[in-house]
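Whatever order the structure lists ligands and atoms in, that order sets their numbers, starting from 1. Everything numeric here is computed off the predicted structure, so don't read it as measured data.
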Amino acid sequence: MTKVIKNGTIVTADLTYKADVLIEDGVITEIGTGLSGDEELDATGCYVMPGGIDPHTHLEMPFMGTYSSDDFESGTRAGLAGGTTMVVDFALPNPGESLLDALKRWDNKSTRANCDYSFHMAVTWWGEQVFDDMKTVVETRGINTFKHFMAYKGALMVNDDEMYASFQRLAELGGIAMVHAENGDVVAELSAKLLAEGNTGPEAHAYSRPPQVEGEATNRAIMIADMAGVPLYVVHTSCEESHEAIRRARMQGKRVWGEPLIQHLTLDDSEYMNADWDHAARRVMSPPFRNKQHQDSLWAGLQSGSLSVVATDHCAFTTEQKRYGVGDFTKIPNGTGGLEDRMPMLWTHGVATGRLTPNEFVAVTSTNIAKILNCYPKKGAVLVGADADLVVWDPEKTKVISAGTQQSAIDYNVFEGHEVKGLPRYTLTRGQVAVVDGEIKTQEGHGKFVEREANTVVNKALSTWKELTAPRPVDRSGIPATGV
Ligand code: DUC
Ligand code: ZN
Ligand code: ZN
Ligand code: ZN
């Protein structure tokens, strides 16, 4: 049984051209004109693009005394509705737990996924077991990305000595280090001070995590990564201070990537000043929303290429869960949704406004991250032999985002009321049509795990630190010590 997508314009990170796409057994088998197949999908007036990859989700994650409310079923259904055909979630070990046991828990949750997925491994504690497990994870589980939380003191946070040890191990294994870059010690101090002064509302969350804590941690992570000789991926880059550090590192030839979120690109910190506690708390995430100047910096980074990927950090909590933090903002579960809205919002505010070309849109929503994660061109490409993870994108189709019509399991949407122009006509996951004009035809359990091999390219050649500080003992034999 073959399928053909006819009469569309193919848009990849590099090229725009008219052609049909033939699909068989979930894979693209031919690209050309005048193709026919058993089933035809009409793409007249549409762009045929690689499906989106969201490399930053937290589905059914145990966090801050609860679990995030979208699981692999509702989360991937939401993604597909918005043109995303692969997600990468973070497997989080409990303190003392082996990385492999944590992965088993994530394996169990992900059996319900509607689209393909992969995992990043989080390093939440350090010891010989973790050191050993890292090799097994890379070599037998097809995971080459390891995340380090520099914040969430007393919970997920790792200290610099642990981070340096882990980064060195990753350099040996051909892995990529990822960081949640916020100075967790300073955040803890600021939070305690704000609470002591009576600032208990959700707006204080933003005051407790100013851009400086993110800029400091980003700079620190970049320097530690350089000393270890490991490539570094900075998740949820939200402000100029962090972007500036990434920009500078890249100019110096360091392999460092930055990932702004669609929320930080399109929503700002005035949301926290809303008189409605629920409204503000629903938008509490880390890092918090920033002001317009920071948003401009992030857009400029996408345009110039200093920032590489747009993600969501999808971590959805219901209003009821958010209310755990009434009277103490530090207890509001951190996180917002975005899986369904990332692609339409970025098209509307990026491509339709002339900030990004359609090719750049494909690069930052799919191709760049497929290359970084080492799953290109299986994912992120419209090429013969690639998985038929495709979105037939109608640039004229509009809707108003509303919790009432969304796929996510929560009871609100941070983009409520935003009109988007640019939506999927069809979303295909390995050749299977999962969405037709907003109608959901997903199949629970269709998603498969995507293995990603270690990278052969590490930053050893770029690290100047080792040469400059390598021990060079001086021979002082025969010369008496003076000044004693
Ligand atoms: N930030 C959030 O807002 N939620 C999940 C974890 C994180 O770093
Ligand atoms: Zn984070
Ligand atoms: Zn996250
Ligand atoms: Zn809008």
**Request:** Begin from the C-alpha positions of Glu259 and Val234 and carry the test side chain to side chain contact (heavy atoms under 4.5 Å, CB included) through to its verdict.
**Result:** CA-CA 6 Å; Glu259 171 206 80; Val234 182; over 6 Å; no

**Message:** Whether the side chain of Gln406 engages the backbone of Ile410 through a donor-acceptor N/O pair (distance < 3.5 Å, no angle test) should be reported.
**Reply:** yes

**Asked** Counting only N and O atoms by type, is there a donor-acceptor contact under 3.5 Å from the side chain of Arg282 to the main-chain atoms of Asn413?
**Response** no

**Request:** Can you check the number of protein N/O/S atoms within less than 2.8 Å of the Zn ion (ligand 3)?
**Result:** 3

**Request:** Might you confirm whether atom NZ of Lys448 has over 12 heavy atoms from other residues, nucleotides or ligands at distances under 6.0 Å?
**Result:** no

**Message:** So does Glu214 get a backbone contact from the side chain of Ser242, meaning a donor-acceptor N/O pair under 3.5 Å?
**Reply:** no

Distances only, to 0.1 Å: what are the N or O pairs between ligand 1 and the protein that fall under 3.5 Å?
residue: ligand 1; atom: 1 (N); partner: Tyr152; partner atom: OH; Å: 3.2
residue: ligand 1; atom: 1 (N); partner: Ser286; partner atom: O; Å: 2.9
residue: ligand 1; atom: 3 (O); partner: Ser286; partner atom: N; Å: 2.9
residue: ligand 1; atom: 3 (O); partner: Gly335; partner atom: N; Å: 3.4
residue: ligand 1; atom: 4 (N); partner: Asn334; partner atom: O; Å: 2.9
residue: ligand 1; atom: 8 (O); partner: Tyr152; partner atom: OH; Å: 3.4
residue: ligand 1; atom: 8 (O); partner: His180; partner atom: ND1; Å: 2.9

**Asked** Does any N or O in the side chain of Glu97 come within less than 3.5 Å of the main-chain N or O of Asn94, such that one atom is a donor and the other an acceptor?
**Response** yes

**Item:** Phe289/His294 under ring-ring contact (aromatic ring centres under 6.0 Å, His included): CA gap, chis, key distance, verdict
**Value:** CA-CA 9 Å; Phe289 298 169; His294 294 293; over 10 Å; no

**Message:** For the backbone of Ile262 and the side chain of Thr266, can you confirm whether one donor and one acceptor N or O come within less than 3.5 Å of each other?
**Reply:** yes

**Item:** Charged N-O contact under 4.0 Å between Lys379 and Asp387
**Value:** yes

